[in-house]
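A note on names: the letters A, B, ... follow the listed sequences, proteins ahead of strands, and every chain is numbered from 1. Side-chain atoms are counted along with the backbone in the values below, which use heavy atoms only and exclude waters and symmetry mates.
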Amino acid sequence: MTTRLFGEPVRRREDPRLLTGRGRYLDDIGEGAYEVAFVRSPHAHARIRDIDVSAAIDVEGLVAIHTWEDLPARLAEPLPLLIPHPALTHGRTAYPLARDVVRHVGEPVVMVVARDRYLAEDVCGLIEVDYEPLAPVVGIEEATRAEALVHEDVPGNVGAHLVQEVRSATGLGAREAIEAAPYRLEFGLDIERSASMPLEGRGVHARWDAGDRSLRVHSSTQTSTSVRMAIAAKLDLPLPQVEVVAPDVGGGFGVKIVHPWPEEVLVPWAAMLLGHEVRWTEDRREHFVSSAHERAQTHHVRVGFDERGRVLGLDVTIVHDHGAYTPYGIIVPIITSTQLPGPYKLGAYRVEFSSVYTNTVQVTPYRGAGRPQAVFCMERTMDRVAEHLGLDRTAVREANFIQPEEFPYDQGLIFQDGRPLIYDSGDYPESLRRLKDLVGWDDFPALKEQAAKQGRRIGIGLGCYVEGTGVGPYEGGHVQVTSDGRVHVSTGLTSQGQGHETVFAQIAASELGVPIERVSVVTGDTRRFGYAVGTFASRAAVMSGNAIALACGKVREKALRIAADALEADPGDLEIVEGEVRVVGSPGTALPLATVAVLSNPLRYAFDEEAGRATQFAGTSSPDRPPVAEGDEPGLEGRDYYSPIRSTFASGMHAAIVETDPLTAEIRILRYAVVHDCGNLINPMIVEGQIHGGVAQGVGGALYERMVYDEHGQLLNASFMDFLMPYATEIPRVETAHLQTPSPLNPLGVKGAGEAGVIPVSAVIASAVEDAEGIRIDRMPISPSELFDLRRAASSG
Amino acid sequence: MRDIAITLTVNGIVRRATVPGRRLLSDCLRHDLGLTGTHVGCEHGVCGCCTVLLDGQPVRSCLMFAATADGHEVTTVEGLAEPDGTLSPVQRAFAECHGLQCGFCTPGFLCTVTALLRDNPAPGEEEVVEGISGNLCRCTGYQNIVRAVHRAAEILAEER
Ligand code: FES
Ligand code: FES
């Protein structure tokens with residue numbers, strides 16, 4: 001059947017426009033708009049003494065200059081703390097424009113509106129801000145020493161502190177279980193800062209219609225519905241007067257889920273004030289110093305285990321550097337703490353984290369969101385245990401796996417959605433078996449020996465993970481069949497290049513039985529769908545996918561009911577094939593969906609011949625019943641929501657073979673293998689693409705990317721010249737195999753796939769480099785010079 | 001600042017603009033000529049999003065003043081398809097091989113690859129990787145882009 005599109009590698013419907021330059025990204029919108037630039041703090045920590053604009057006001061083309069003092073009441077308050085948590089006792093957020101104190105380089109101080117961006121930047125250059133520098137706090141060590149404070153009223157720089165503990169079956173706490181274990185190890189593991197770094201930065205465009213007092217905002221965001229609510233609240237506008245649209249978005253990877261950014265409220269405010277369209281497009285340096293970073297965390301691990309490597313007790317203490325503010329709460333360290341156990345049954349587990357302030361860019365989720373750190377921690381621990389016992393690394397993992405018959409498996413923790421962390425399904429032993437086959441794990445020692453004979457150093461490593469995906473609270477879908485037979489699908493959730501238009505069209509076409517060409521999909525436009533949460537946590541396919549499937553179910557049911565009436569058949573005998581309602585077994589008796597749509601909407605006035613069939617004298621409606629039955633609605637459309645009880649849990653395992661240069665310490669990835677299980681696949685081509693992209697970001701994070709702050713809190717590498725994102729020359733070919741363990745939690749049986757690729761890469765590469773070198777790797781990323789230094793340190797004893 | 005009157009042939013059409021001397025070619029194409037298919041990812045010459053063909057050669061339009069392009073021929077992503085809208089072999093190959101996700105880097109890759117295959121119609125694996133190694137993509141991990149380049153070479157050969 002041609003309409004069975006679910007599971008097929010259907011070509012992307014986004015591509016024709018994106019390949020011909022007809023995509024519509026933020027900076028492509030609103031030609032002629034005034035443009036905005038910001039004076040941003042050059043200091044990591046300083047008090048603002050004075051702002052002098054006198055030299056700037058004569059610049060030709062200047063429209064307006066604003067500082068914090070100009071902001072109206074609600075806008076002058078700190079930005080919202082999006083995800084409060086009882087453990088976040090000292091949450092702090094920034095003002096849209098700095099008030100008195102700046103807390104990181106890049107914090108916006110003055111907003112300049114001008115005829116174009118060049119002029120706005122000229123003006124910025126002429127504004128004098130007088131700062132009194134304060135002592136900056138940079139890095140986790142300085143933060144915990146707390147000799148200086150980022151926020152005067154936050155003692156010890158500690159924003160949050162949280163302990164979770166799962167006792168063993170026999171009632172032992174993790175520390176007791178470790179003490180009682182036959183073997184014990186203790187060590188530290190660190191991960192540095194990186195960032196999402198989409199190629200399109202952030203951006204906002206606003207148009208105020210003074211006539212009907214309505215505001216239309218475009219933002220390069222991962223959540224248009226929530227930006228809309230934030231703008232309405234901050235600008236004191238009735239919600240129906242504000243619409244927010246996410247246009248084509250040039251990548252997000254997490255950073256664009258944060259909202260409202262200062263610019264997202266300031267630009268609309270300026271548009272209202274000036275009665276003119278206003279646009280701000282972030283430049284690359286701004287993205288480095290004023291959006292968000294992620295990953296910096298230190299971990300202290302204590303583990304107790306038995307002779308087979310079974311973990312009897314694990315105790316992890318984490319310090320998380322969340323930068324200057326906490327708009328996104330403490331989601332990242334919560335995810336690290338709760339996803340750390342991965343596919344394993346740990347005897348007892350205790351995890352404690354402190355989240356600390358530093359005078360650096362704020363930290364919010366970046367693809368993987370705390371999981372790369374968690375997996376680095378758990379998988380490096382598994383490797384240590386294996387080494388200590390002289391066992392194969394895969395054997396130790398096998399000894400700890402949750403078994404397929406043990407699902408649903410309750411890890412005993414509270415996940416990022418505030419709900420119990422219960423794995424829905426998976427088959428970890430089978431994943432590992434496939435991974436070993438794919439990469440040739442058992443043959444590797446021979447390969448290594450052979451390489452050694454030629455003077456080459458190679459090593460193999462692996463990493464396993466479980467990823468909570470498809471978190472709630474909900475998403476919705478709306479499906480409408482119009483009288484021309486077209487199917488219009490909308491969902492409030494946004495897209496950043498994942499191909500949502502394609503996969504949602506596949507779902508709708510499959511569920512409704514219509515050719516995909518007739519389906520169009522709109523995402524992230526509040527004019528079409530007002531209720532949504534956003535795109536993060538690998539949730540789009542699970543949440544909106546299922547909501548759209550449910551909405552299609554409603555449409556289908558209604559179509560069958562109306563068609564049954566018209567065809568004088570039983571609805572149970574009908575099916576929808578190729579956009580026609582047919583009597584099963586007698587394809588001659590059919591009614592196009594277009595006609596069903598006409599009949600669904602009783603009319604008084606005909607606008608074309610087809611519509612005439614639904615008018616009052618056409619004889620299509622029974623005179624004994626009201627034209628629209630009680631409880632029914634006109635039109636062939638349906639809206640539904642999907643709100644799962646809890647997250648689904650995707651899983652996967654990666655392995656890599658690396659070669660290290662004996663002389664230069666250069667690290668090259670020779671092979672990279674991925675076994676991935678995200679439940680049923682909607683479009684395998686798109687899932688593969690997500691994995692490739694994720695692995696590439698993981699490789700960047702493992703070998704190249706880091707944010708280098710000096711002791712003054714200056715970000716030294718805030719450009720693509722110095723922050724090394726991998727090019728094609730750095731990324732290995734990824735070999736993939738899929739396992740499909742459907743999720744029992746949702747009708748489509750899907751789990752999320754967006755983040756998976758990035759999660760275990762640092763753990764895998766560290767494991768492989770360690771295997772090649774015989775030198776312990778306990779912090780990532782690792783550069784050739786670091787490996788060189790480690791070699792030197794190792795050889796000097 | 002005195003404005004400069006320039007004339008460029010863009011995608012085969014003669015276009016005129018009056019620009020300040022400091023106006024970047026990327027901004028001129030995007031905002032003066034309305035060709036927003038050329039994207040800007042860094043404005044310091046590293047990402048390659050802004051790549052266009054200047055007299056057939058790939059250049060970074062963010063590293064060039066519009067005034068410098070006066071009198072030259074420019075091809076942007078909008079000019080790659082046939083006049084009737086048929087996608088070029090390179091564009092088709094990118095669609096077929098899923099060589100794009102968000103599409104922000106794509107115009108730069110398409111221009112780069114178009115020139116690459118014109119100069120070297122049957123590149124080997126290393127030549128392909130080397131040939132696109134001046135363009136960043138944050139979404140695809142490059143694997144499908146590399147595949148698309150090979151596929152485009154095939155299509156070009158078939159259609160020759
Ligand atoms: S925008 Fe020109 S190279 Fe990045
Ligand atoms: S497709 Fe998004 S940056 Fe390349």
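Of residues 721-734 of chain A, those residues with a non-hydrogen atom less than 4.5 Å from any non-hydrogen atom of chain B are, in numerical order, A:M721, A:M725, A:P726, A:Y727, A:A728, A:T729, A:I731, A:P732, A:R733, A:V734. Chain A is approached within less than 4.5 Å, heavy atom to heavy atom, by B:I132, B:S133, B:G134, B:N135, B:L136, B:C137, B:R138, B:C139, B:T140, B:G141, B:Y142, B:Q143, B:N144 from residues 132-159 of chain B, ordered by number. At a heavy-atom cut-off of under 4.5 Å, chain B is reached by A:I686, A:G689, A:Q690, A:H692, A:G693, A:A696 from residues 686-696 of chain A, listed in order of number.
Under a 3.5 Å cut-off, the side chain of B:R16 and the backbone N or O of B:T7 do not form any donor-acceptor pair. For A:E294 (side chain) and A:Y366 (main-chain N/O), a donor-acceptor pair under 3.5 Å exists by modelled atom type. One N or O on the side chain of A:E200 and one on the backbone of A:G250 form a donor-acceptor pair closer than 3.5 Å. A donor-acceptor pair is defined here as one N or O able to donate and one able to accept, closer than 3.5 Å; no such pair exists between the side chain of B:T68 and the backbone of B:M64.
In this structure, the side chains of A:E8 and A:N683 stay at 4.5 Å or more apart for every pair of heavy atoms. The shortest distance between side-chain heavy atoms of A:T523 and A:L493 does not fall below 4.5 Å. Within the 4.5 Å cutoff, the side chain of B:C49 has heavy atoms near those of the B:F104 side chain.
The choice from A:T20, A:T281, A:V699, A:V249 that makes the most heavy-atom pairs within less than 4.5 Å of chain B is A:T20. Here B:E96 is the residue among B:E130, B:E43, B:E96, B:E78 with the most heavy-atom pairs under 4.5 Å with chain A. Comparing A:G497, A:S495, A:G700 by heavy-atom pairs within less than 4.5 Å of chain B, the highest count is held by A:G497. No other option in A:D28, A:L18, A:D15 has as many heavy-atom pairs under 4.5 Å with chain B as A:D28. Between chain A and the options B:G37, B:G79, B:G34, B:C42, the largest number of non-hydrogen pairs under 4.5 Å is found for B:C42.
Both the backbone and the side chain of A:D27 come within less than 4.5 Å of a heavy atom in chain B. For B:L100, the parts lying under 4.5 angstrom from a heavy atom of chain A are both the backbone and the side chain. Contact of A:Y25 with chain B is made through the side chain alone, with heavy-atom distances under 4.5 Å.
Salt-bridge annotation for B:D32 and B:R15: absent, with no side-chain N of the basic residue lying under 4.0 Å from a carboxylate O of the acidic one. Using a 4.0 Å cut-off between charged side-chain N and carboxylate O, A:D248 and A:R22 make no salt bridge. Ion pairing of A:R17 with A:E501 is present here, as a side-chain N (NZ or NE/NH1/NH2) and a carboxylate O approach within less than 4.0 Å.
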TODO: Go through A:F288 and A:D283 one step at a time and tell me if the side chain to side chain contact (heavy atoms under 4.5 Å, CB included) criterion holds.
DONE: CA-CA 9 Å; A:F288 271 99; A:D283 72 21; over 6 Å; no
Task: Stepwise side chain to side chain contact (heavy atoms under 4.5 Å, CB included) test for B:L110 and B:F94 - done: CA-CA 8 Å; B:L110 294 174; B:F94 269 68; 3.7 Å; yes
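Of the candidates A:R279, A:R115, A:R117, A:E35 forms a salt bridge (Lys or Arg N to Asp or Glu O under 4.0 Å) with just one, namely A:R279.
Other residues, nucleotides and ligands contribute only 12 or fewer heavy atoms inside 6.0 Å of the CZ atom of A:R24. Residue-environment remark: CZ (B:R92) exceeds the threshold of 12 foreign heavy atoms within 6.0 Å.
Under the rule for a side-chain hydrogen bond (donor to acceptor under 3.5 Å, both in side chains), the partners of A:E277 that lie at least two apart in sequence or sit in another chain are A:H205.
The two residues A:I759 and A:G368 come nearest to each other via the heavy atoms CG1-CA, 4.1 Å.
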